[in-house]
Structure formats: C-alpha cells, structure tokens
Amino acid sequence: MANILVFDSGMGGLSVYREIRQSLPNHNYYYCFDNANFPYGELSEPALIQACVGLVSRMVAQLAIDLVVIACNTASTLALPALRSALSIPVVGVVPAIKPAATLTRNGCIGLLATPGTVARPYTHELIAQFAPGKRVLLKGTTELVIEAEQKLAGKAVDMALLQTVLADWLTGEERPDTLVLGCTHFPLLDSEIQDLMPGCRLVDSGAAVAKRVSHLLASHDMTESVGTPQAHAYCTRLDDEAKKLTAPLQAWGLSTLTEVMG
Ligand code: DGL
C-alpha cells in the first residue's frame, strides 16, 4: 500500500484526487492544500516555487510519502523541475489538456480556462505550439471562478451571473470554442454549471490521465494495492475558522480529518 500525497492551493485538487482514488482505492491518501498562500494563480513565480517546494518536501518527510501528485496546473506549469530535483520519489504534475483538446475539436477553436498564472506561463504557450498547431486557442485566466469553486465546495450556491460574465465572449462572440480545456483543477468542480452555459461544448480536463499515470508509476515501482484499511486525511497550512468549515465537506469526499501542517 502506497502513501500518496495530493497537493493543491485549495479544493481544486479534489477533482484529481477523486479520479485517482476511484481507480486506486486501496492506498493511503493525504490531501494537502496551501490555503495560507491561496490563490496560487495570483502569486509571483519565485513565491510560488518557494511555497510549493518547501511545503511538499516537508509533507513528504513527515508522512513517509511514496508518490506526490501536484494537482494544480498553476504550480505544475512552473515548479515541477524544482520539485523533482528536491525530491527522490515520483512527482506527477497536472498540465492543461491541450493535446486531447486538439484532437477533439471540430471547428478548430479551443478555449483554455485557467488561472492568470497558468495562461501567462511560457510552459502553457509551448504546450499550445507543440500540440495544437493550426488551432485557434483562446486563453482566459480567471481567479473569480477559482473562488466560486471553493465556495461551491463549502456548500454555497454558484453565482451563475458571474460565470456568465466571465465566459461571455465564448457564449456569444464570433469565435466560439467547441472544446474547452478546464486548465485549473478547480474548474471540474464547476463542470455542470459551465456545461449549462455552454451546451454542446466538450469539456476536457486532465484528471483521468493523471490517475492513469499514477497507476503506471505505482506498478513500475512495485507499489501494489494490498489488503488492509486505507487511510485518507486532509492537511491545510492555516486552520482558521474558514478552513474549519471545510472539515465536513472534506469528510464527504472521504478525507476523515483536517489538520494544520506542522512547522
Ligand atoms: N487549482 C489550481 C490550478 O489547477 C490553482 C488555483 C489557484 O490557487 O489559483 O491551477
């Protein structure tokens, strides 16, 4: 049984955790979110690298982690090289699903909905140049929808008017994507709301591909599932009143406790 750390700035990584745990239920899972530095999409690049590498390295040592999933596009498109050189275990990242979107689009127009950080990254622009040549890729960076996804998870109603405003030019403009890359792990948490506004548009994310990669890596490192009772716990970097309210929603996702990460 492996100890798997799934990491994000907030609740978005749960969309990836759900996919992994569904295909590999018999491992121990630790879901860690860096709410003290949320939202990552607004952080400077040096601050983001420092926050991620420091925190993930600490968690890996404290919890005897065997494999890390950086369930955050904003962090993965920047900090994977630094994380991989700091850690001696497999590190799986999540990057926008441009490649599958390029094969799925029929009208040649793809929307990339991500954080301001991710849409600005050279890594993202390289992905587009490499995997979607000749396609029109429209970029939209939004922190508002990241916050909306957090609120939905905490049990609040989604502000559909806000969603409509953010997506406006893709709903009525001349160039309308027929394929939308959910390039932030928070956005699959809003997929039904986005789909309601964009019926007929295909939504693509990287969750299933990440689960497949994790499964392959565990097998190649001989970390097979075994009998026993697997554990699943959540950790945050600031256990304030706001975070404490997430205890029950996290339990509903199978994460039995919420604890603050030790210094
Ligand atoms: N969930 C994250 C991502 O996939 C980051 C959201 C944020 O903190 O800005 O990009």
Side-chain angles (χ1 to χ4, degrees), residues 5-20 31-56 68-80 82-83 91-98 101 111-125 127-128 139-154 158 162-163 166 180-191 193-194 203-211 213-214 234-238 242-243 246 249-250 253 261:
L5 177 68
V6 181
F7 174 76
D8 186 26
S9 59
M11 298 296 101
L14 290 174
S15 67
V16 179
Y17 160 73
R18 170 175 61 193
E19 298 277 352
I20 304 169
Y31 184 79
C32 175
F33 58 101
D34 187 8
N35 57 328
N37 288 305
F38 173 89
Y40 272 7
E42 306 280 342
L43 276 192
S44 75
E45 295 194 344
L48 177 50
I49 294 175
Q50 203 187 353
C52 268
V53 175
L55 177 56
V56 173
V68 180
V69 179
I70 305 300
C72 174
N73 295 263
T74 311
S76 297
T77 51
L78 179 71
L80 278 180
L83 283 158
V91 180
V92 179
V94 175
V95 300
I98 298 292
L112 170 59
L113 191 64
T115 65
T118 299
V119 299
R121 297 262 189 273
Y123 185 96
T124 303
H125 293 269
L127 269 184
I128 294 169
L139 307 177
K140 202 181 282 290
T142 166
T143 295
E144 287 150 300
L145 295 194
V146 174
I147 293 168
E148 216 44 47
E150 290 281 315
Q151 295 192 339
K152 179 180 176 187
L153 201 114
V158 175
L162 174 74
L163 221 69
V166 171
L180 184 59
V181 177
L182 303 178
C184 166
T185 55
H186 278 75
F187 300 156
L189 302 177
L190 295 173
D191 58 356
E193 289 82 1
I194 294 170
L203 308 185
V204 192
D205 68 68
S206 304
V210 170
R213 177 82 190 129
V214 169
Y235 291 83
C236 62
T237 46
R238 188 167 56 207
E242 199 70 11
L246 295 168
L250 287 167
W253 285 69
V261 175

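Whatever order the structure lists ligands and atoms in, that order sets their numbers, starting from 1. Residues take their numbers from the sequence shown, with the count starting at 1.
- Taking 4.5 Å as the limit, some side-chain heavy atom of L113 sits within range of a side-chain heavy atom of I194.
- Remark: distances from the non-hydrogen atoms of C72 to ligand 1 include one below 4.0 Å.
- Side-chain N/O atoms of T237 and N35 include a donor and acceptor closer than 3.5 Å.
- Interface of V146 with ligand 1, defined as ligand atoms under 4.0 Å from a residue heavy atom, comprises 6 (C), 7 (C).
- Residues E150 and L189 form no side-chain contact, since every pair of their non-hydrogen atoms from C-beta on lies 4.5 Å or further apart.
- The side-chain heavy atoms of V119 and T124, taken from C-beta on, include no pair separated by under 4.5 Å.
- The distance from ligand 1 to the heavy atoms of F38 drops below 4.0 Å at these ligand atoms: 8 (O).
- The closest approach between any non-hydrogen atom of D8 and ligand 1 is below 4.0 Å.
- Side-chain contact between V146 and F187: present, with at least one pair of heavy atoms (C-beta onward) separated by less than 4.5 Å.
- For a threshold of 3.5 Å applied to N or O pairs, the pair formed by T115 and ligand 1 contains no separation below that value.
- From the protein, the heavy atom lying nearest to atom 7 (C) of ligand 1 is Y40 N, 3.3 Å.
- The nearest protein atom to atom 10 (O) of ligand 1, hydrogens excluded, is given as T74 OG1, 2.5 Å; this is a heavy-atom distance.
- If you look at N73 next to ligand 1, the close heavy atoms, those under 4.0 Å, come from the backbone and the side chain alike.
- Looking at heavy atoms from C-beta onward, T77 lies in side-chain contact with P96 at the 4.5 angstrom threshold.
- Between S9 and N37, every side-chain heavy-atom pair lies at or beyond the 4.5 Å cut-off.
- Only side-chain heavy atoms of S9 come within less than 4.0 Å of ligand 1; its backbone N, CA, C and O stay farther off.
- Short contacts between ligand 1 and G41, defined as distances under 4.0 Å to a heavy atom of the residue, involve ligand atoms 7 (C), 8 (O), 9 (O).
- Of all the heavy atoms of T185, the ones lying under 4.0 Å from any atom of ligand 1 are found in both the backbone and the side chain.
- With a 4.5 Å cut-off on side-chain heavy atoms, D8 and H186 count as touching.
- For ligand 1, the polar-atom distance check against T118 finds no nitrogen or oxygen pair separated by under 3.5 Å.
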